[in-house]
Amino acid sequence: MQLQRRHTLKRAQEFAYVRNRGLSCVGRYFVLTTAPIPPTCAAGPAFSRFGIIVTKRVGCAVLRNTMRRRVRELLRAHGESLGKGRYVVILLRQAAAGADFPALREDFSSLLARHAKQEQHAPQTSC
RNA sequence: GUUCGGGUUCGGGUGGUCGCUGCGGCGGGGGCUUGCGCCCUGCGCCGUAGAGGAAAGUCCGGACAUCACAAGGCAACGCGCCUCGCGAAAGCGGGGGGGCGACGGGUCAAUCCCGCCGCAACGGAAAGCGCCACAGAAAACAAACCGCCCGGAUCUCCCGGGUAAGGGUGAAAUGGUGGGGUAAGAGCCCACCGCCCCGAAGGCAACAACGGGGGCACGGCAAGCCCCGCGUGAUGCAAGACAAACAGGGGGAAGGUCGCCUGCCUGCCCACACUCCCCCGGGUACUAGUUGCACCCCGCUCUGCGCGGGGCACGCGAAAGCGUGAGAAAAAUGACCACACAGUCCGAAAGGACGGACAGAAUCCGGCUUACAGAACCCGAACGGCG
RNA sequence: GUCCGGAUCGUCUAGAGGCCUAGGACUCUCGCCUUUCACGCGGGCAACACGGGUUCGAAUCCCGUUCCGGAUG
């Protein structure tokens, strides 16, 4: 799937919305949180929007850039299974520092499966 | 050839598939227009460009911008041997001078001299103030604890005087060695060395061969205050410029006062409400607008960052010349695969495994500092081999 | 991004070149007191972020590094 500028979350309000309202799922390297797109958003739910959080405790700037790019690549390859019309926030944990791409991919796909299961059981949260 | 030290350059390569951001073209969509057409775009395709030597730390210096305009003084801050070169400046480099430290040698010995190597923010301590703990008799300007010598005495012990050679303390103690001299001593006198002053060959200069004079005083710290010389207005692209909408109201300040080059003062200028401050209220398009801002200037122009000319920087090259010129904005420059090339580990070998140093542009440029695997080249030193 | 400031026991701090082998309070710990606990009394452990330089001598002065914090739309 595509991952252009319009597919990214930008404002602090949007990140706070996902953290307050969304369902989260913790893996070895990531914390995945998703929420339905808010009705106040003027844009249609034609696509999902993603935000990646890489804090300073992950490492120096070069390492943070590399990890963020690997997560972007994961989303580009596997992000479609999260469905459309959602806000998605992915937080990199400290253990992810220096993890290579196959390990990240394995953890991410298992996290996606668990997240889909959780989504089925949980009722749709009211906005 | 090996090792060590210093310097310069480079600091991962080639190809493929998929992807991201900027720009351009074509198409799509939207808006305006009767229309030609113009504008916008969070869309698609194609083309093209896309992290560093330190991009880092933010330690210096500039460009640029604003503070209405330019000026002087004080304060504050920075720099500080001489000379040459580069540079806008900061700074960098070459050479030299004196200084300090280690080593070796000279010498009876030394704080002295010579050689060699290394180091440094290296103006001034006889302009002034301050500090120099402990120890020591005494720590900065004069003094004398133990001693030594002379004289006296109530004669081991005390008193007066002379002395600064010896002892001990300290980071630092009133020039050093030898000789003369003396009651004992002392630059008291002499020789050599050192030091200070004057002159001076030489040197662009810092400096200084050498000569004369002086018995010799002037301890250290200025990365303590300070003095001398030179320099600096302040604030920083979140500087600033442009554009939309709206609605203003109330209170206060000072009459030579507010503001002003924003640490202080003077001077000058402007205003006398159109100033400044406070409070209440209103507006805010754009996913925080556009620009500054991504080589620059000029010309042509089919209006396309297209062409031409000139200039700047960098790279390649012997030269002529050729090539290149990131520009994001919750922030692109990536992921994977293959092949060679370095590197580490295991192994006798074949081979196998691991796996790319330090590190990510944010207005730009020049330096400084810090981090750094490895490669190439050059210079110097030591050791060894061959001729 | 730009511009500033700071670092001392586990915590909060004192310190302005020698009195510092760094003081105080809380904490911790040992003992005393008490039938026991608390309070109190006495003792102990425990720090100058790191690396250079100036100086006879540095927590203090200077330079660099590391870490932490603040202001600014």
Side-chain angles (χ1 to χ4, degrees):
Chain A
M1 66 175 292
Q2 291 179 336
L3 197 65
Q4 293 168 340
R5 184 161 305 288
R6 60 190 168 130
H7 302 114
T8 58
L9 293 174
K10 291 182 174 59
R11 312 191 88 176
Q13 295 171 357
E14 295 164 343
F15 280 88
Y17 173 83
V18 176
R19 282 177 61 175
N20 292 331
R21 304 285 186 87
L23 290 168
S24 62
C25 197
V26 180
R28 179 177 168 81
Y29 299 131
F30 311 101
V31 177
L32 176 68
T33 309
T34 69
I37 204 160
T40 57
C41 184
F47 47 81
S48 293
R49 294 173 59 203
F50 302 91
I52 304 168
I53 300 175
V54 190
T55 64
K56 254 189 182 176
R57 63 170 55 189
V58 171
C60 65
V62 173
L63 187 60
R64 290 203 305 272
N65 275 333
T66 307
M67 298 318 289
R68 174 173 50 81
R69 286 163 181 159
R70 284 179 178 161
V71 173
R72 278 169 62 93
E73 188 64 25
L74 283 174
L75 286 174
R76 197 173 65 79
H78 308 285
E80 287 188 338
S81 57
L82 283 163
K84 293 185 176 180
R86 303 192 68 83
Y87 278 5
V88 180
V89 169
I90 294 171
L91 172 77
L92 260 86
R93 307 183 66 196
Q94 199 169 357
D100 59 352
F101 192 74
L104 289 174
R105 186 168 51 201
E106 189 178 344
D107 188 57
F108 188 68
S109 55
S110 74
L111 201 60
L112 281 181
R114 278 166 52 197
H115 185 266
K117 218 169 165 183
Q118 193 182 39
E119 193 87 342
Q120 282 179 356
H121 289 305
Q124 199 69 279
T125 52
S126 62
C127 289

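So you know, we letter chains A, B, ... as the sequences are listed, proteins then strands, and number each from 1.
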Item to complete: Carefully, step by step, assess Val71(A) and Phe50(A) under the rule side chain to side chain contact (heavy atoms under 4.5 Å, CB included).
Response: CA-CA 11 Å; Val71(A) 173; Phe50(A) 302 91; over 6 Å; no
Worksheet item: P atom, C372(B) versus G61(B): distance in rounded Å?
Response: 29 Å
Discussion item. Would A51(B) be called syn or anti here, given the cut-off of 90° from 0?
Written reply: syn
Worksheet item: Which value, in whole Å, describes the distance between the C1' atoms of nucleotides G315(B) and A89(B)?
Response: 28 Å
Worksheet item: Which value, in whole Å, describes the distance between the P atoms of nucleotides C141(B) and C119(B)?
Response: 40 Å
Discussion item. Going by side chain to side chain contact (heavy atoms under 4.5 Å, CB included), name the residues that satisfy it together with Thr66(A), two or more places apart in sequence or in a different chain.
Written reply: Val62(A), Arg70(A)
Discussion item. Looking at every non-hydrogen atom in both residues, tell me the closest pair between Gly27(A) and Leu111(A) and how far apart they are.
Written reply: N-CD1, 3.5 Å
Worksheet item: Which way is the base of G42(C) turned, syn or anti, if we draw the line at 90° from 0?
Response: anti
Worksheet item: Roughly how far apart are Arg93(A) CZ and Asp107(A) CG, rounded to 0.5 Å?
Response: 9.0 Å
Discussion item. If I take atom CZ in residue Arg68(A) and atom P in nucleotide A330(B), what distance separates them, rounded to the nearest angstrom?
Written reply: 12 Å
Worksheet entry | By side chain to side chain contact (heavy atoms under 4.5 Å, CB included) - contacts of Arg69(A) (at least two apart) | Asn65(A)
Item to complete: For Leu74(A) and C20(B), give me the distance from atom CG to atom C1', rounded to whole Å.
Response: 16 Å
Worksheet item: Looking across every strand, which nucleic acid part, if any, lies under 4.0 Å from Arg72(A) by heavy atom: base, sugar-phosphate, or nothing?
Response: sugar-phosphate
Would you mind writing out the side-chain donor-acceptor pairs for residues 99-106 of chain A within the sub-3.5 Å range, not counting sequence neighbours?
none

Worksheet item: Now, which nucleotide makes the Watson-Crick or G-U wobble pair with G44(B), with each of the two distances under 3.5 Å?
Response: C26(B)
Worksheet entry | From U333(B), G360(B), U287(B), nucleotide with atom closest to Ala61(A) side chain | G360(B)
Item to complete: Could you please name the partner base of A65(B), counting Watson-Crick and G-U wobble pairs only when both distances are under 3.5 Å?
Response: U235(B)
Item to complete: In whole angstrom, give me the gap between the C1' atoms of A239(B) and C64(B).
Response: 9 Å
Any protein N or O atoms within reach of nucleotides 334-338 of chain B? Criterion: under 3.5 Å, listing atom names and distances.
none

Fill in: Base-pairing mate for A253(B) - Watson-Crick or G-U, with both contacts under 3.5 Å
U275(B)
Practice prompt. Please report, rounded to the nearest Å, how far the C1' atom of G19(B) is from the NE2 atom of His78(A).
Written response: 14 Å
Practice prompt. Could you measure between the two P atoms, the one in U169(B) and the one in G136(B), and give it in whole Å?
Written response: 10 Å
Discussion item. Suppose you measure atom C1' in U177(B) against the same atom in U107(B); what distance do you get, rounded to whole Å?
Written reply: 10 Å
Worksheet item: Can you tell me how far P in G259(B) sits from the matching atom in U291(B), rounded to whole Å?
Response: 39 Å
Response to the item:
Under a 3.5 Å limit on both distances, the Watson-Crick or wobble mate of A25(C) is U11(C)
Practice prompt. Let me see the working for Val88(A) and Val18(A) under side chain to side chain contact (heavy atoms under 4.5 Å, CB included), right down to the final yes or no.
Written response: CA-CA 7 Å; Val88(A) 180; Val18(A) 176; over 6 Å; no
Fill in: Separation of the P atoms in C62(C) and U13(C), to the nearest angstrom
23 Å
Worksheet, complete the sentence: Residues passing the side chain to side chain contact (heavy atoms under 4.5 Å, CB included) test with Leu91(A), sequence neighbours excluded, are Val31(A), Ile53(A), Thr55(A)
Practice prompt. Name the pairing partner of U14(B), where a pair is Watson-Crick or G-U wobble with both distances under 3.5 Å, or state none.
Written response: A338(B)
Practice prompt. Calculate the interatomic distance between Leu63(A) atom CG and G360(B) atom P; express it in whole Å.
Written response: 11 Å
Response to the item:
Scanning all shown strands, the Watson-Crick or wobble mate of G219(B) with both distances under 3.5 Å is C132(B)
Worksheet, complete the sentence: The answer to which of Val62(A) and Ile52(A) contacts RNA chain B further toward the 5' end, by nearest nucleotide, is Ile52(A)
Worksheet item: In the structure shown, which nucleotide is the Watson-Crick or G-U wobble counterpart of C377(B), with both distances under 3.5 Å?
Response: G7(B)
Worksheet entry | Base-pairing mate for G1(C) - Watson-Crick or G-U, with both contacts under 3.5 Å | U72(C)
Practice prompt. Determine which pairs satisfy side chain to side chain donor-acceptor pair (under 3.5 Å) with at least one residue from residues 22-35 of chain A, sequence neighbours left out, and list them in order.
Written response: Thr34(A)-Arg86(A), Thr34(A)-His115(A)
